[in-house]
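Notes follow the structure.
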Amino acid sequence: MKSKSISSEKIRIGTLVKGTPEGNLSPAQYIAQILPHGFESFSLMFWQTLGDTDFKRLAGEVKEALGNSGAVISSLGMFGNPLETQPLDRETADGFTTLIDHAHLFGTDIVCGFAGRLRGKSIPDSIPRFKEVFTPLAQRAADRGVRIAFENCSMGGNWQSGDWNIAHNPTAWELMFDAVPADNIGLEWEPCHQMVELIDPMPQLRHWWPKIFHVHGKDATIHWDVVREYGIGGAKPFAFHRTPGFGDSNWTDIISELRRHGYTGAIDIEGWHDPVYRGDLEMTGQVHGLNYLKRCRGGDYIPNPA
């Protein structure tokens, strides 16, 4: 029987799943194994290439794994550099097209990923190429009822130079959305990527909520003693990516702000980054994060008396 509480949740808590086989497990087998822990959504993600993925087959296998649990596929992800022209870059750009065309098979209307970047160039230098690539992709997505969400991850880049993604700074977002003024392009937002830049995520969330289509559940821990003594450019690391529940963010405030502005969708945990809960402790950390985020949400949906 499908869970009424999950089906009625306006903000689901889930996790990321690799869209290609991981070790001995296919994506559907991975989902089937972790589904009993209580995940309510899954974001299927691909790195640079879709390979030889048969999407009709994958969608069927994933739907069978989800069964009547009430859990859903929240989004499909294509992560690489769609603005450059090397073979893998072209595969990434083509991957956006393929995912846009096949999103309906998974019951989702969101395709997410990096915005790309001209390697070694500034963010403003990359905007004309961004406009060239994503104007037709945004139109293709709109024609199919799909939204495109850009993750706010710097991938080690800054305003002047980088290799992967321009969509990591609010001023860059202004340039991007001015260049491609489409209602169906927005953000895949997570507080971690702002915190490691020493940006307070809450004012940003309150300002940019209309463009937030999907949320990554990832937090950060900032060692302010290191910042004060060594700065942010020295040999000592000052920031660490964390699974929610182990970092500095107040997710009750984050989710309350999302609810206040009418956000409906998923917060999907991005694992594989926590410096402590990794390896054999990966799923321990993710399930803790899952239950923590559910508590911050207010628990499970409870209908009012009628």
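Atom set for the values below is all heavy atoms of this structure, side chains included, hydrogens, waters and symmetry mates excluded.
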Kindly say whether [Y] contributes a backbone atom to a donor-acceptor pair with the side chain of [X] at under 3.5 angstrom?
X	Y	answer
Asp248	Ile222	yes
Asp109	Ala103	no
Asp219	Gly245	no
Arg147	Asn184	no
His273	Gly271	yes
Ser161	Gly157	no
Tyr277	Asp280	no
Arg129	Val133	no
Ser249	Trp251	no
Asp268	Leu16	no

Report, as yes or no, whether the 6.0 Å neighbourhood of atom [atom1] on [X] holds more than 12 heavy atoms from other residues, nucleotides or ligands.
X	atom1	result
Asn24	CG	no
Arg259	CZ	yes
Asp163	CG	yes
Ile232	CD1	no
Glu64	CD	no
Phe240	CZ	yes
Lys211	NZ	yes

On the 0 to 90° scale, with breaks at 30° and 60°, tag the [X]-[Y] ring pair as parallel, tilted or perpendicular.
X	Y	answer
Phe150	Phe96	tilted
Phe106	Phe55	perpendicular
His102	His104	parallel

message: We want to know whether Ser43 and Ser75 form a side-chain donor-acceptor pair, criterion being a heavy-atom distance below 3.5 angstrom.
response: yes

- prompt: Would you say the ring centroid of Phe246 lies under 6.0 angstrom from that of Tyr292?
  reply: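 No, ring centres 6.0 Å or more apart.
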
query: Any chance the rings of Trp189 and Trp208 have centres within less than 6.0 Å?
result: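 No, the ring of Trp189 stays outside the 6.0 Å limit from the ring of Trp208, centre to centre.
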
Under a 4.5 Å cut-off applied to non-hydrogen side-chain atoms, are [X] and [Y] in contact?
X	Y	value
Phe114	Glu151	yes
Asp89	Leu83	no
Ile73	Leu66	yes
Asp101	Arg140	yes
Thr15	Leu290	no

message: Is there a continuous path of hydrophobic side-chain contacts, each under 4.5 Å between heavy atoms, that joins Leu258 to Met195?
response: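 Cluster IDs for Leu258 and Met195 differ.
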
field: Audit row: Asp143, Gln139, side chain to side chain donor-acceptor pair (under 3.5 Å) steps and yes/no
entry: CA-CA 6 Å; Asp143 291 344; Gln139 184 60 58; 2.8 Å; yes

task: Please lay out, stage by stage, how His261 and Glu257 fare under the test side chain to side chain donor-acceptor pair (under 3.5 Å).
output: CA-CA 6 Å; His261 292 293; Glu257 200 67 30; 3.1 Å; yes

task: Give a yes or no on whether a salt bridge exists between Arg297 and Glu40, defined as a side-chain N under 4.0 angstrom from a carboxylate O.
output: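 Yes, this pair counts.
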
- prompt: Mind checking who shares a hydrophobic cluster with Leu118, ILVMFWY linked at side-chain heavy-atom distances under 4.5 Å?
  reply: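 In the cluster with Leu118 there is nothing else; it is isolated.
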
